[in-house]
Amino acid sequence: MQNPNQPGPASGSGTQSRPEFQIIPAFSIPMVDAHMPDCDGLNRELRDLFVQRAAEGERYSNDEPRVRRNKPLFESRFDLFEWPDSCVQRLNEFCMKNLYRAIQELNGYTVETLQNMHMAVESWFHLTHQGGYFGAHNHPLHSWSGVYCVKHDGDDPASDSGKLTFINPNIAGTMYIDTASARFKRPYSMAPIMLRLVPGQLVLFPSWLLHEVMPYEGDSERITVAFNAKFKYAGRERVV
């Protein structure tokens, strides 16, 4: 109730009351978490295909690795979504549908705008056995990246084994921490975001965001598909 001894806003002035206290998330990073329903059959097909292709060694492997990794991790060449295999194309469709949905919702674009966005994609798979890891990196010259989980088992779910780990881009803020900032909650915490992906899960994120994969400690396999995308607008009005 308004204090009768305090003047209220002038009629028609447009003045609005402001909250007495609020915490504002000033800078945020968009990440998308999507899940494919009824994915078991598809993931089995993908797993069998990837194991077969990895066994062929150099024919399907990335011959120009640029990120630190070790022998227990196999990385394919970067043309996966161009493969005609039905299981690959079904995954491609799922990933692209969710990527375009994210772009539309985050930018407020119309369907017409999306239709005029021409996309270039590079895509690959990782097949990781015990001890395999992938060093910290990002993906230059692309705007969006994604990781889809085909399989992750054979290890302790409570451990950090095989976790996809995102490094806080504001890490320089840790140059001085005291009791006033040491226990910030999300989204303000300086700690990394560590995700144990489950089969059927797709994570989308800006390509500039540094990330790595913790060593997989299991006795089975960790299998993921990853992709990078960049766009060029071909409509009448340029979208920047």
Side-chain angles (χ1 to χ4, degrees), residues 19 21-36 65-70 72-73 75 95 98-99 101-103 105-107 124-126 128-229:
F21 178 87
Q22 61 178 327
I23 295 175
I24 302 172
F27 300 100
S28 300
I29 302 169
M31 296 180 66
V32 176
D33 182 25
H35 293 260
M36 178 186 290
R66 297 185 294 272
V67 180
R68 180 170 52 89
R69 86 288 305 278
N70 57 359
L73 184 145
E75 181 176 68
C95 292
N98 283 282
L99 176 58
R101 178 178 177 179
I103 292 169
E105 293 192 16
L106 287 166
N107 292 279
W124 63 99
F125 74 83
H126 282 172
T128 308
H129 291 104
Q130 189 173 62
Y133 67 86
F134 206 69
H137 64 289
N138 57 16
H139 299 283
L141 303 180
H142 292 85
S143 59
W144 280 95
S145 297
V147 177
Y148 175 85
C149 180
V150 176
K151 182 183 180 185
H152 185 165
D153 55 23
D155 57 356
D156 180 3
S159 72
D160 290 338
S161 170
K163 284 188 175 179
L164 175 60
T165 301
F166 294 94
I167 300 170
N168 194 317
N170 297 317
I171 195 66
T174 62
M175 62 183 296
Y176 180 77
I177 294 179
D178 60 17
T179 53
S181 56
R183 300 292 296 271
F184 277 172
K185 298 177 290 185
R186 297 287 182 197
Y188 313 104
S189 170
M190 292 294 176
I193 295 175
M194 305 181 70
L195 304 177
R196 180 185 174 89
L197 303 182
V198 299
Q201 181 177 10
L202 170 66
V203 176
L204 302 171
F205 54 93
S207 298
W208 56 263
L209 186 60
L210 280 170
H211 54 288
E212 61 185 329
V213 178
M214 297 290 101
Y216 169 66
E217 301 169 353
D219 56 7
S220 181
E221 301 159 332
R222 180 184 185 273
I223 304 176
T224 56
V225 169
F227 63 89
N228 301 322

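All of these numbers come straight from a predicted model, not from anything done at the bench.
Taking the side chain as every heavy atom from C-beta outward, F227 and S145 never approach each other to under 4.5 Å. At a threshold of 4.5 Å between non-hydrogen side-chain atoms, the residues V150 and E221 do not count as touching. Taking 4.5 Å as the limit, some side-chain heavy atom of L106 sits within range of a side-chain heavy atom of W144. Looking at R222 and L197, their side chains come closer than 4.5 Å, going by heavy atoms from C-beta outward. Residues C149 and V198 have side chains not in contact (no heavy-atom distance under 4.5 Å, counting atoms from C-beta outward). Side-chain contact between L195 and F166 is present, with at least one heavy-atom pair separated by less than 4.5 Å. Side-chain contact check for E212 versus P192: every heavy-atom pair is 4.5 Å or farther apart.
Residues N168 and N170 approach most closely at OD1-N, 2.8 Å, considering heavy atoms. The minimum heavy-atom distance linking N138 with W208 is given by the pair ND2-O, 3.2 Å. Contact record, V203 with F205: O-CD2, 3.9 Å, taken as the closest heavy-atom pair. Taking each heavy atom of E217 and D155 in turn, the nearest pair found is C-CB, 4.2 Å.
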Exercise. Show your reasoning for whether side-chain contact (heavy atoms from CB on, under 4.5 Å) applies to V147 and H126.
Key: CA-CA 10 Å; V147 177; H126 282 172; over 6 Å; no

Exercise. Start with the C-alpha gap between L164 and H152, add the side-chain angles, then the distance that decides, and say whether side-chain contact (heavy atoms from CB on, under 4.5 Å) holds.
Key: CA-CA 12 Å; L164 175 60; H152 185 165; over 6 Å; no

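Using cut-offs of 30° and 60° for the angle between ring planes, the F184 and Y188 rings count as perpendicular. Between H211 and H139, the two ring planes are tilted [angle within 30° to 60°].
Under 3.5 Å, the side chains of S207 and N228 contain no donor-acceptor pair of N or O atoms.
Remark: R183 CZ is loosely packed, at most 12 non-hydrogen atoms of other residues, nucleotides or ligands lying under 6.0 Å away.
Interatomic distance, D160 CG to T165 OG1, rounded to the nearest 0.5 Å: 7.0 Å.
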What side-chain donor-acceptor pairs closer than 3.5 Å can you find for residues 26-34, not counting sequence neighbours?
residue, atom, partner, partner atom, Å
D33, OD1, H35, NE2, 3.2
D33, OD1, Q201, NE2, 3.0
D33, OD2, H35, NE2, 3.4

